Amino acid sequence: MALKDKKKIILAVTAAMLMIFSSMFVIAVSAYGNNSGGGIFATPQTSNSTANSTLYLSPGPTPAFTDNFNPFNIWSTPAGIMGFIYEPLFQINTYNGTVIPWLATSYHFLNGGRNLTVDLRHNVTFSNGEPFNASSVVFTFNTEKKDYGEWGTVSNISAINNYEVEFNFTQPQTQYLFYIGSTVIIPQNVWQGVKNPASQTVTNPIGTGPYMIQSFSPQKIVLVKNPHYWQPNEPKIDHVVYVDYTSNSALSLALAEGKVEWASVFEPNVTQLFVANNPAHNHYWYPPGQPVTLLLNNLIYPLNLSYFRQAISLAINRTAIMNIGEYGYETPANAANILQQQMSYLNATNTKMANQLAQYNPSAALQLLESHGFTLKSGTLYSPNGQPVPNLNLMSIAGYSDWDTDITIIAADLKQIGISVTTTTPTQSVVSGDVTDGNYTMALDVDTGIGPNPWYDYSGIQGPVVPIGQNAYINPERWNVSSQFEQYFNNFPSAVTNATQEADINGMASIMLQQMPIVPLVYSADWYEYVNTTIGGWPNAAHPYWIPMPWYPGPSEVVLLHLYVKSNAPNSTGISNTDYYIIAAVVVVVIAAVASFGWVRSKKMKAKE
C-alpha cells in the first residue's frame, strides 16, 4: 500500500474517532446539563433536577394514613403534610421569633395594639386557579370565629381593600400576630356554604402551598408540585412521598437503609444505629424544645409549699436524667421554665437563680427544708408537726421508656432527702385524664406553651385554680397565680418596646422561680434526622436557619423550600452528575490525545514521502 493511502486511512480513522468522542462529550454534557437544570455552568445550589427530585419522608411513627386533608384539622396525620398544601400569612420561628412574610408582605399594629393591619401578597392563586385576596382571609377568620368560637378577643375582621385586612381587638393584643400569622388560609369559593367545615372529609385539598395530592394510599401519599405556586422556581423537589411506618424500630431501619430521607424519630443510639451506617450522608440534629416538667399538684400537702417545691428541684439530678434516661440527647433545663433559645430575655439575677435552682444539690435542698422546720431522721423526712411526710406518687406514661427511666431516677434522688416516692406508669389516656382533673400528686409532662418568646411559654401555666375533680386544661398544677404575675402577663401584649417586654418577662420569671409551681427537668429534644445523599439544603447545628422537624406544619414548608437536588446526586442511570462531568473531561483529554497522535503521525509520514 502506498504511503499516501496509509496517510488517508490514518487521517480517516482519526476523524472518525474524533466524531465518536465528540458525540460522547455532547451526550455527557447534555446529561449533566439536564440533571443540573442549568447546563454545565449551573450552580449546584440552584439545581432543579427532574431525574432525582423525589423526597421520601416520615414525620414519625403513625397509624395508617387517612384520606382526609381538612384545613380545619391542621395537625391531622401524617403530621406536617398540611403545611405543604395550605399556607399561613407569616412564617414565624418559635425558637427565636423571626418573622418571614409569606401570604402577607407586612403588618402594622395601631391604636396601642388594638388594631392590626395586614398587607397581602399580590399575584397569588390557589391550586385550582382561584385568586388569593382579602376575601379569602376575612372568610377564613370569620368562619373560625363564627363556627368554633375562636378569636374571642378579635372583635372584628374586615377587608380595607382587596389586599389589605384589618383585625380589631377588644384589648391590646400584639402577641396575637403569632396566632393570626400562623393560621392557614382557605379559598372562599370552595368553602362558602359548607356547614360544620371541620367535619368535612377533604380528599382533594385546595390551597396556595407548593404541593398538591397526586395519589393516596393508607401506606403512601405522593405530593406533586403545584403548577400555580406563587414563588418563582419553587419548589425544587418535584415529588414528596410520605411513607407510613408504625413503629420507631421500623422507621429507624428505613432511615439507616436510605429509604427515608427526612424523619423525626427517637433512636436510643442514633450514632451507632443511623450515622455509622453511612457517616458521609446520615445526619441528625436534636435542637432543644419545650421543657419536660415534673408537674406538682399545688393543692396537695406538702406540694402546696413553695419552698418544698424548690427543695424538690434542688434534689433532682438532671445530669443523670440527661445521660441515663434521655441517652444524652436532652440537656438539663433551667428552672425558669422557658425555652433554652429564649434565655437571653432573663436578666442577670433571674439567670443566676434559674441556674442555681436547677443544680443538683441535695444538701442545699435539705437545708432549705430544715430551715422551715422539717427534719430528717433515719432516712425519713418529718414535717414540722412531727409526722412523716406522706408518700408521694409519681406517674409517667407507659411505653415512654425514657420518661419511665426518668421517674425512677427522680424517686431515688428524693429518697436521699427522706421523701418516699411510688412510681406508676398508666396509659397515656389515664395520665392525661388524671392530670386534667387533678387526681394526681406528681407526673411527668410538658406543660409549657410554645411561641416566639417566653410569654407563650407561660401561657399554659397561668389560669384559675380549678378544684380537684374538675377539668383544668390550663394550669393543671393548680397554682394559685399571684395577681402580680397576672399583671405582668396581661401587660405584655400591650408592650411596644423591647425594654418593656423584657421587664414583664423578668417580672414573671422572678415569681416563677420564687414559687416553683412546676419543676422543669430537661429540654425535650426536637428529633430530626436527614439523609443528604441526593438532597441538599438541610438545616443543622452549623446552619440552624429554621425549625427542622417534618411534623411541624409551617416550619416544615420553609425547610422544604430550602432543599434542592445536589449536583452530584445519582440520576436514573446510577451515575452522578459529577461523574458525568468527569467523564466529559476525560473525553476532552482523549480527543486531544487522539488528535495529537494523528497530527504527529501525519507529519512523520509526510516526512517519509
Side-chain angles (χ1 to χ4, degrees), residues 94 175 288-300 302-316 318 331-361 364-365 368 372 435 442-466 472-493 495 500-524:
T94 53
Q175 298 311 303
Q290 296 164 279
V292 176
T293 54
L294 178 61
L295 288 186
L296 307 174
N297 193 327
N298 287 201
L299 294 181
I300 295 177
L303 301 178
N304 61 335
L305 305 172
S306 59
Y307 61 83
F308 197 94
R309 300 191 293 263
Q310 287 180 322
I312 287 178
S313 180
L314 289 166
I316 294 174
R318 291 167 174 80
T331 58
N334 72 83
N337 197 51
I338 63 177
L339 296 182
Q340 186 181 74
Q341 296 93 333
Q342 298 170 1
M343 279 294 288
S344 60
Y345 277 87
L346 297 189
N347 59 32
T349 300
N350 283 332
T351 298
K352 181 179 179 181
M353 190 173 183
N355 291 332
Q356 285 180 339
L357 285 171
Q359 291 278 333
Y360 176 52
N361 195 338
L368 177 60
H372 288 84
V435 167
M442 301 189 295
L444 239 59
D445 206 342
V446 174
D447 192 37
T448 303
I450 187 167
N453 62 57
W455 183 81
Y456 298 90
D457 300 344
Y458 291 147
S459 64
I461 59 176
Q462 62 84 38
V465 178
V466 177
Y473 297 104
I474 297 176
N475 191 17
E477 61 276 5
R478 289 157 169 81
W479 174 39
N480 187 14
V481 183
S482 72
S483 59
Q484 186 63 55
F485 185 96
E486 288 187 322
Q487 183 176 340
Y488 288 129
F489 185 84
N490 293 331
N491 285 346
F492 187 86
T500 306
Q501 288 186 343
E502 289 183 5
D504 288 333
I505 292 297
N506 279 282
M508 287 185 279
S510 177
I511 295 171
M512 280 288 300
L513 292 167
Q514 293 166 21
Q515 298 193 13
M516 288 291 290
I518 59 178
V519 178
L521 299 174
V522 291
Y523 293 109
S524 60

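Here the structure is a predicted model, which means the values were calculated and not measured. Only heavy atoms go into these numbers, but all of them, side chains included; no hydrogens, no water, no symmetry mates.
- For the atom pair Asn350 CG and Ile511 CD1, the distance stands at 10.0 Å (nearest 0.5 Å).
- Put simply, the side chain of Trp455 gets close to the backbone of Phe489: a donor and an acceptor are under 3.5 Å apart.
- The shortest side-chain heavy-atom distance between Glu502 and Leu346 does not fall under the 4.5 Å cut-off.
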Contacts table for residues 331-344: side-chain donor-acceptor under 3.5 angstrom, sequence neighbours left out:
unit_1	atom_1	unit_2	atom_2	d
Asn334	OD1	Ala336	N	2.7
Asn334	OD1	Asn337	N	3.3
Asn334	ND2	Ile338	O	3.2
Asn334	ND2	Tyr523	OH	2.3
Asn337	OD1	Thr448	OG1	3.2
Asn337	ND2	Thr448	OG1	3.3
Gln341	NE2	Pro288	O	2.8
Gln342	NE2	Thr94	O	3.2
Gln342	NE2	Gly451	O	3.0

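- You'll find the side chain of Asn298 stays beyond 4.5 Å of the side chain of Asn480, heavy atoms only.
- The side-chain heavy atoms of Glu477 and Asp447, taken from C-beta on, include a pair separated by under 4.5 Å.
- Closest of all the heavy-atom pairs between Ala443 and Val435 is CB-CG2, 3.9 Å.
- Under the 3.5 Å distance criterion, the side-chain polar atoms of Arg478 are left unmatched by any main-chain donor or acceptor of Leu299.
- Contact of the Ile316 side chain with the Leu294 side chain is registered, since non-hydrogen atoms from C-beta on lie closer than 4.5 Å.
- No donor-acceptor distance shorter than 3.5 angstrom exists from the side chain of Ser459 to the backbone of Gly449, with no hydrogens or angles considered.
- In this structure, Phe485 has its ring center under 6.0 Å from that of Trp479.
- Contact check for Ile450 versus Gln290: side-chain heavy atoms found under the 4.5 Å cut-off.
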What side-chain donor-acceptor pairs closer than 3.5 Å can you find for residues 304-314, not counting sequence neighbours?
unit_1	atom_1	unit_2	atom_2	d
Arg309	NE	Gln515	O	3.0
Arg309	NE	Met516	O	2.9
Arg309	NH1	Leu303	O	2.7
Arg309	NH2	Gln515	O	2.8
Gln310	NE2	Leu513	O	3.0
Gln310	NE2	Gln514	O	3.3
Ser313	OG	Arg318	NH2	2.8
Ser313	OG	Leu357	O	2.5

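- The CG atom of Asn347 lies 11.5 Å from the CE atom of Met353; values are rounded to the nearest 0.5 Å.
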Walk me through whether Glu486 and Met508 qualify under side-chain contact (heavy atoms from CB on, under 4.5 Å). CA-CA 8 Å; Glu486 288 187 322; Met508 287 185 279; over 6 Å; no
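- Side-chain contact check for Asn491 and Asp504: no donor-acceptor pair (N or O, by modelled atom type) lies under 3.5 Å.
- Within the 4.5 Å cutoff, side-chain heavy atoms of Leu521 are placed close to those of Leu444.
- Tyr488 contributes no side-chain N or O that, together with a main-chain N or O of Ala509, makes up a donor-acceptor pair within less than 3.5 Å.
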